[in-house]
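Following: one structure in structure tokens, then a few remarks.
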Amino acid sequence: MERDIEKQLKVILQGTEDVLLLDELKEKLRESIDKKKPLRVKLGLDPTAPDIHLGHTVVLNKLRQFQDLGHKAILIIGDYTARIGDPSGRSTIRPRLSAGEIKENAKTYMEQAFKILDPERTEIVENSRWLGSLKLEDILSLTSKFTVARMLEREDFKKRFQGNIPITLMEFLYPIMQAYDSVAIKADVELGGTDQRFNLLMGRELQKEFSQPPQTAITMPILVGIDGVEKMSKSLGNYIGVTEPPEEIFGKIMSIPDNIMIDYYKLLTRLSNEEIKKIECEIKEGKLNPSIAKRNLAKIIIENLYNKDDAEKAEQTFNRIFKQKKAPDEVKECVLSGKDIKDGKIWIVKLLVDSGLADSNSQARRLIEQGAVKVGEDKIENPNLELNIEDIDQKIIQKGKRHFRKILIQR
RNA sequence: GGAGGAGUUCCCGAGUGGUCAAAGGGAGCAGACUGUAAAUCUGCCGGCGUAGGCCUUCGGAGGUUCGAAUCCUCCCUCCUCCA
């Protein structure tokens, strides 16, 4: 029994930032094992954007681990809360979304979340189910349980308040609604990023008000984006989407700064602490080449989202392009038709723009001047060059290291 | 309701009558190098033109002026303070 608890704990605690409270969690596990009753583990996702990225998967992975330990995952689609917008970590008010947008987003969210979760052991609920039917009376009753001072204890609210940056009353309501979700589904555990700490704690408090045992709050570190600086987010453009093609993911992982690699290992793979420590040490001692470690990381991540084959292929493509400096097997095609061809010739600048390799003539010209353009094996140096279409049919045109187009002439 | 402040090129941000397509930083792209699309260094970074040059841009619309991102008028948006 004790060993069982320890075993589960080890998995659960992997990579976590904080557990409130750990002793409570142990008790819950004990009871769960004792009565063979799985824990109800809550994760709320607000469908505020159509795609999920690796940042979201940190917490999804944790939920998956709970599932693998036999617990029940309860995924709350925050279709109602999305309309308010979580103020966590924000310095400004969020733009509000329409019901239609939210519905669309929720759909893709689900599909993508199941790249990680086991659908068999997941319960999905939309929080509009209970939040939507609350009456003003109910809301008054809920809000009466919390004080303004308590709200302002929260770091981001405090900062905004002190910095004279507006906070709407609606935003104050957000944590309360999220807390109410926990009451509604009787959560034993709630997962979230560290920025969710306050919201998770509110859940505990509200559950107590409703005479429920308070949920254990487990927070996961926030994943830093591929720029290595800001947190991963779509709006900052430093993200890797879970639906991106394997080759793209591979490349993006290879482009993360070395110094965040270990964090990625910790948060995006299910390797044990020991295994990760080992990798870290070997890199430090010079036994393991960081680029190899990064390759492995990329493969593990792709394997989780796709499968082993795709991971292998992605690596091969990468090798082809960067090691052998060759075009990949599959190259986007660019079909040229009559209108840009004059007397059987086409201007190189035009070709670059038409194929989408350059945004404008000026840019294309600059690229050529910088020696970034190749047609077939030949580097192009003259921006005024006119190419015979006979010579370039089926050839590959390349911009920089990694952008290729195969030319097809349509007659 | 009253008073004040702000809106600049993808983002941040400098710029208060000509030398402004607009400093600086970031992002992006390219080149060199490498262990990688890391790091570092260098270049490019509104559009059109082979080029001289031309065109469009500084919240919007007008106006003053030989000339405006910069001055004036009106409008729009955002923010702060007082109530």
Side-chain angles (χ1 to χ4, degrees), chain A residues 90-96 159-168 224-240 244-265 279-280 282-302 311 314-328 342 345 347-350 352-353 355-374 379-386 397-405:
Chain A
R90 295 192 62 103
S91 54
T92 52
I93 302 168
R94 272 179 185 270
R96 296 188 64 186
K159 272 206 193 111
R160 282 164 68 177
F161 187 66
Q162 287 172 347
N164 290 330
I165 298 161
I167 305 169
T168 63
V224 65
I226 56 176
D227 57 356
V229 185
E230 305 277 1
K231 77 170 193 178
M232 184 174 283
S233 91
K234 182 147 194 183
S235 52
L236 293 172
N238 59 357
Y239 69 102
I240 301 178
E244 289 185 47
E247 302 77 48
E248 196 62 24
I249 297 178
F250 197 97
K252 282 190 177 178
I253 292 291
M254 290 309 280
S255 80
I256 63 170
D258 288 358
N259 60 24
I260 64 168
M261 195 160 62
I262 292 300
D263 282 341
Y264 271 43
Y265 262 108
I279 294 170
E280 195 174 6
E282 287 187 348
I283 291 176
K284 231 176 244 160
E285 292 163 8
K287 280 190 207 154
L288 177 63
N289 188 320
S291 81
I292 305 259
K294 217 184 270 184
R295 277 160 186 275
N296 292 337
L297 172 66
K299 279 195 281 186
I300 295 171
I301 291 170
I302 296 167
E315 185 179 28
Q316 279 163 22
T317 301
F318 185 86
N319 285 345
R320 222 179 132 74
I321 299 176
F322 296 103
K323 279 248 154 108
Q324 304 163 25
K325 299 191 196 279
K326 281 188 196 153
K342 249 194 232 149
K345 290 186 168 191
W347 180 27
I348 179 67
V349 166
K350 195 105 199 154
L352 284 166
V353 175
S355 60
L357 291 174
D359 293 332
S360 67
N361 290 2
S362 312
Q363 198 195 28
R365 210 186 305 267
R366 281 184 221 116
L367 287 166
I368 294 167
E369 280 160 11
Q370 292 183 99
V373 177
K374 267 169 134 184
K379 191 180 212 174
I380 305 294
E381 274 154 2
N382 173 12
N384 299 323
L385 189 68
E386 303 264 345
I397 176 166
Q398 176 178 5
K399 177 204 112 181
K401 291 193 186 77
R402 48 187 272 259
H403 299 280
F404 306 87
R405 289 289 183 283

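In what follows, chains carry the letters A, B, and so on, assigned in the order in which the sequence lines appear, proteins first and then strands, with residues in each chain numbered from 1.
- Comparing A:His403 and A:Lys294, the nucleotide of RNA chain B nearest to each residue sits closer to the 5' end for A:His403.
- Judged by Watson-Crick or G-U wobble contacts below 3.5 Å, the nucleotide B:U50 has no partner.
- To the nearest angstrom, C1' of B:G31 lies 13 Å from NZ of A:Lys374.
- Atom P of B:G1 sits at a distance of 34 Å from the matching atom of B:U64, rounded to the whole Å.
- In this structure, A:Asn259 does not reach the B:A38 phosphate: none of its side-chain N or O atoms is under 4.0 Å from OP1 or OP2.
- The shortest non-hydrogen separation linking A:Leu367 to A:Ala358 is CD1-CB, 4.2 Å.
- Looking at A:Asp258, its side chain comes within 3.5 Å of the base of B:G35 through a donor and an acceptor atom.
- A close approach under 4.0 Å does occur between a side-chain nitrogen or oxygen of A:Arg365 and OP1 or OP2 of B:G49.
- Across every strand in view, B:A69 sits unpaired, with no contact that passes the Watson-Crick or G-U test at under 3.5 angstrom.
- To the nearest angstrom, P of B:A30 lies 17 Å from CD1 of A:Ile380.
- Distance alone, capped at 3.5 Å, is enough to place a donor-acceptor pair between the A:Asn238 side chain and the A:Lys231 backbone.
- Of the nucleotides present, B:G60 is the one that pairs with B:C74 by Watson-Crick or G-U wobble criteria, both distances under 3.5 Å.
- Between B:C66 and B:A3, the distance separating the two C1' atoms is 40 Å to the nearest Å.
- Within the shown strands, B:C12 is the pairing partner of B:G24 under the Watson-Crick or G-U definition, both distances less than 3.5 Å.
- Rounded to a whole angstrom, the distance from the C1' atom of B:U8 to that of B:C58 is 4 Å.
- Nucleotides B:C45 and B:C29 are separated by 8 Å at their C1' atoms, to the nearest Å.
- With a cut-off of 3.5 Å on both Watson-Crick or G-U wobble distances, the partner of B:C41 is given as B:G31.
- Between the P atoms of B:A21 and B:U40, the separation comes to 33 Å (whole Å).
- Rounded to a whole angstrom, the distance from the P atom of B:U77 to that of B:G67 is 32 Å.
- Legend: residues meeting side-chain hydrogen bond (donor to acceptor under 3.5 Å, both in side chains) with A:Lys287, ordered by chain and number and at least two apart, are A:Glu285.
- Spacing between atom CD1 of A:Ile240 and atom P of B:A38 amounts to 13 Å, rounded to whole angstrom units.
- Computed from coordinates, the A:Leu367 CG to B:G28 P distance equals 16 Å when rounded to whole Å.
- Between A:Ile348 and A:Pro383, the shortest heavy-atom distance links the atoms CG2-O, 3.6 Å.
- For B:U36 and B:A27, the P atoms lie 23 Å apart once the distance is rounded to whole Å.
- Side-chain N or O atoms of A:Gln398 include one that pairs as donor or acceptor with a backbone N or O of A:Gly400 at under 3.5 Å.
- Taking every heavy atom of both residues into account, A:Trp347 and A:Arg365 meet most closely at CZ2-NH1, 3.9 Å.
- The side chain of A:Ser291 sits closest to B:G35 out of B:U50, B:G35, B:G31.
- A:Asn319 and A:Arg295 share a donor-acceptor pair across their side chains, judged by distance under 3.5 Å alone.
- Map A:Glu248 and A:Ser362 each onto its nearest nucleotide of RNA chain B; the residue landing nearer the 5' end is A:Glu248.
- Remark: C1' of B:G35 and CG of A:Asn319 are 13 Å apart, rounded to the nearest angstrom.
- When both distances must be under 3.5 Å, the Watson-Crick or G-U wobble mate of B:C81 is B:G2.
- The C1' atoms of B:G46 and B:C20 are separated by 13 Å, rounded to the nearest whole Å.
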Anything under 3.5 Å between a protein N or O and an N or O of nucleotides 40-46 of chain B, put it in a table, one pair a line.
unit_1, atom_1, unit_2, atom_2, d
B:G43, N2, A:Gln370, OE1, 2.9
B:G43, N3, A:Gln370, OE1, 3.1

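- Between the A:Arg405 side chain and the A:Ile397 main chain, no donor and acceptor come within less than 3.5 Å of each other.
- When the nucleotides B:A30, B:G35, B:A51 are ranked by their closest atom to the side chain of A:Pro290, B:G35 comes out on top.
- Among the atoms of the strands shown, base atoms are found under 4.0 Å from some heavy atom of A:Phe318.
- When heavy atoms are screened at a 4.0 angstrom cut-off, A:Gly400 is found touching the sugar-phosphate backbone but no base atom.
- A straight line from CD of A:Glu369 to P of B:U50 spans 12 Å, rounded to a whole angstrom.
- Backbone-only contact: A:Ile256 has heavy atoms under 4.0 Å from sugar-phosphate atoms and none from a base.
- Counting to the nearest Å, the P atom of B:U36 and the CG atom of A:Leu288 are 14 Å from each other.
- In terms of heavy atoms, A:Ile302 sits closest to A:Pro246 at CD1-O, 3.4 Å.
- Applying the side chain to side chain donor-acceptor pair (under 3.5 Å) definition to pairs two or more places apart or across chains, those involving residues 252-265 of chain A are A:Glu244-A:Lys252, A:Asp258-A:Lys294.
- For the pair A:Arg402 CZ and B:A37 P, the computed distance is 10 Å after rounding to whole Å.
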